[in-house]
Amino acid sequence: MTATTEDAANAAQDHDYTDLHAPVVDWFDAHARDLPWRRPEAGAWGVMVSEFMLQQTPVARVLPVYEQWLKRWPRPADLAAEPSGEAVRAWGRLGYPRRALRLHGAASAIAERHGGDVPKEHAQLLALPGVGEYTAAAVASFAYGQRHAVLDTNVRRVFARAVNGRQYPPNATTAAERKLARMLVPADDATAARWAAATMELGALVCTARTPVCGRCPIADRCAWQRAGAPEHEGPPRRTQTYAGTDRQVRGRLLAVLRESDAPVPQAVLDRVWHEPVQRARALDGLVADGLVEPLAGGEYRLPQSRG
DNA sequence: TAATCGTGGTG
DNA sequence: TCACCAAGATT
């Protein structure tokens, strides 16, 4: 048993953490943001679209893209009927454009295999492209009110502090964290779904990464990290991602040109986005390999036209 | 398991 | 200014 597993097991044995449910859910009732994907009219498709867009991307940047996306493609079949390149174009500058491709792929699978309705089963959700453990649980919970452990970066941080007494969770999600999250899920489905949304919201608004606002936290009085005197993070530093000069930056520039052009773009135009030819070619090849760019005869390129 | 994959706001 | 950070998934 690892140290972190012991943390979780000991924490669960030493205390009854069901007393966290009421204050956190009550706080959520009073302070939850009014986000469009939380409204009833969003439906399961709206929830799924928001979850794709929110992967590693702040709410503020998602909002406008989400609105135009659902207006243009109100159902999965509407998106599936268009070329995947249109999804990449509409994705705009949200980042990680492979998510757009995968959302298009998920919509196609939903249209073909699920009669156009976002599936309810966790396993069926998990089988969709771009849907991992978190997103499957989130859609099942938020869209269908099911009981799942929903473990995102916000929840991981809340649990790391409130239960394990650490400033930050480990770099990679551990089995101990999953076990703890499962143990903390309220017994009934409706409360479990609210708990999931509430713990995420608490992490997003109060128990934030940089400067937590513990004075506004509904469980500050029983937070293990607070009780321990808010100790600084120990262990390996959280890996910081460089960007300038990487292939990702080059890919971003290339794709930005292609998004802006309705017509095929000549190689010579793409060549202007980056000075170093080897890296430039590698980035373009990568985009093609990923299905984000379609090469044409005569050295021209465009966003993909596939619908499959 | 660890690296890869965008983008832009911010303390 | 410049690391840090933001509702992860995939290989």
**OP:** Taking the side chain as every heavy atom from C-beta outward, state whether A:Glu234 and A:Arg166 have any atom pair closer than 4.5 Å.
**Re:**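 SC-SC contact between A:Glu234 and A:Arg166 ruled out.
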Using a heavy-atom cut-off of under 4.0 Å over every strand shown, decide if [X] touches base, sugar-phosphate, or nothing.
X: A:Ala138; result: nothing
X: A:Gln249; result: nothing
X: A:Leu94; result: base
X: A:Leu126; result: nothing
X: A:Gly95; result: base
X: A:Arg248; result: base
X: A:Phe142; result: nothing
X: A:Tyr243; result: base
X: A:Arg157; result: sugar-phosphate
X: A:Val131; result: sugar-phosphate

Quick check for you: among [options], whose closest atom lies nearest to any side-chain atom of [X]?
X: A:Arg61; options: C:dC5, B:dT7, C:dA9; answer: B:dT7
X: A:Glu51; options: C:dA6, C:dA7, B:dT7; answer: C:dA7
X: A:Thr57; options: C:dA7, B:dG8, B:dG6; answer: B:dG6

Does [X] place a side-chain N or O at less than 4.0 Å from the phosphate oxygens OP1/OP2 of [N]?
X: A:Thr135; N: C:dA7; result: no
X: A:Gln56; N: C:dG8; result: yes
X: A:Arg251; N: B:dG6; result: yes
X: A:Arg99; N: C:dG8; result: no

Original post:
Any side-chain donor paired with an acceptor under 3.5 Å for A:Ser141 and A:Arg147?
Top reply: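 Result is no, nothing qualifies.
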**OP:** Using distance alone, with no hydrogens and no angle criterion, decide if A:Trp225 and A:Gln167 have a side-chain donor and acceptor under 3.5 Å apart.
**Re:**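 No pair is found: no donor N or O on one side chain lies under 3.5 Å from an acceptor on the other.
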[X] [atom1] to [N] [atom2]: how many Å, rounded?
X: A:Asn171; N: B:dA3; atom1: CG; atom2: P; result: 10 Å
X: A:Leu255; N: B:dC5; atom1: CG; atom2: C1'; result: 12 Å
X: A:Arg93; N: B:dC5; atom1: CZ; atom2: P; result: 17 Å
X: A:Gln167; N: C:dC5; atom1: CD; atom2: P; result: 9 Å
X: A:Trp274; N: B:dG6; atom1: CH2; atom2: P; result: 14 Å
X: A:Met48; N: C:dA7; atom1: CE; atom2: C1'; result: 14 Å
X: A:Leu287; N: B:dT4; atom1: CG; atom2: C1'; result: 13 Å
X: A:Leu284; N: B:dC5; atom1: CG; atom2: P; result: 14 Å

Original post:
So A:Phe159 and A:Trp195, would you call those rings parallel, tilted or perpendicular, with 30° and 60° as cut-offs?
Top reply: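 The arrangement is parallel - the two ring planes meet at less than 30°.
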Original post:
With nearest nucleotides of DNA chain B determined for A:Thr211 and A:Asp247 from heavy-atom distances, which residue corresponds to the more 5′ nucleotide?
Top reply: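 Comparing both residues, the 5'-ward one is A:Asp247.
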Original post:
Start at the 5' end of DNA chain B and walk down; is the nucleotide closest to A:Ala172 or to A:Gly92 reached first?
Top reply: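 It is A:Ala172 whose nearest nucleotide is closer to the 5' end.
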On a whole-Å scale, what distance lies between the [atom1] atoms belonging to [N] and [M]?
N: C:dT11; M: B:dG6; atom1: P; answer: 14 Å
N: C:dA7; M: B:dT4; atom1: P; answer: 23 Å
N: B:dG9; M: C:dA9; atom1: C1'; answer: 24 Å
N: B:dA3; M: C:dC4; atom1: P; answer: 16 Å

**OP:** Can you check whether any acceptor in the base of C:dC5 is under 3.5 Å from a donor in the side chain of A:Arg210, or vice versa?
**Re:**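 For A:Arg210, whose side chain was compared with the base of C:dC5, there is no donor-acceptor pair (under 3.5 Å).
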Original post:
Is there a donor on the side chain of A:Arg102 or the base of C:dT10 sitting less than 3.5 Å from an acceptor on the other?
Top reply: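 No, no donor-acceptor pair under 3.5 Å.
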Does [X] pair with [Y] as a salt bridge, N-O distance under 4.0 Å?
X: A:Glu133; Y: A:Arg178; answer: no
X: A:Arg222; Y: A:Asp19; answer: yes
X: A:Asp78; Y: A:Arg75; answer: yes

Original post:
Are A:Leu303 and A:Val65 linked, directly or through other ILVMFWY residues, by side chains that come within less than 4.5 angstrom of each other?
Top reply: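 No, no single cluster joins them.
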Subject >> Upstream residue (5' side of DNA chain C) when A:Trp37 and A:Pro129 are each assigned their closest nucleotide >> reply: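 Whichever sits nearer the 5' end wins; that is A:Trp37.
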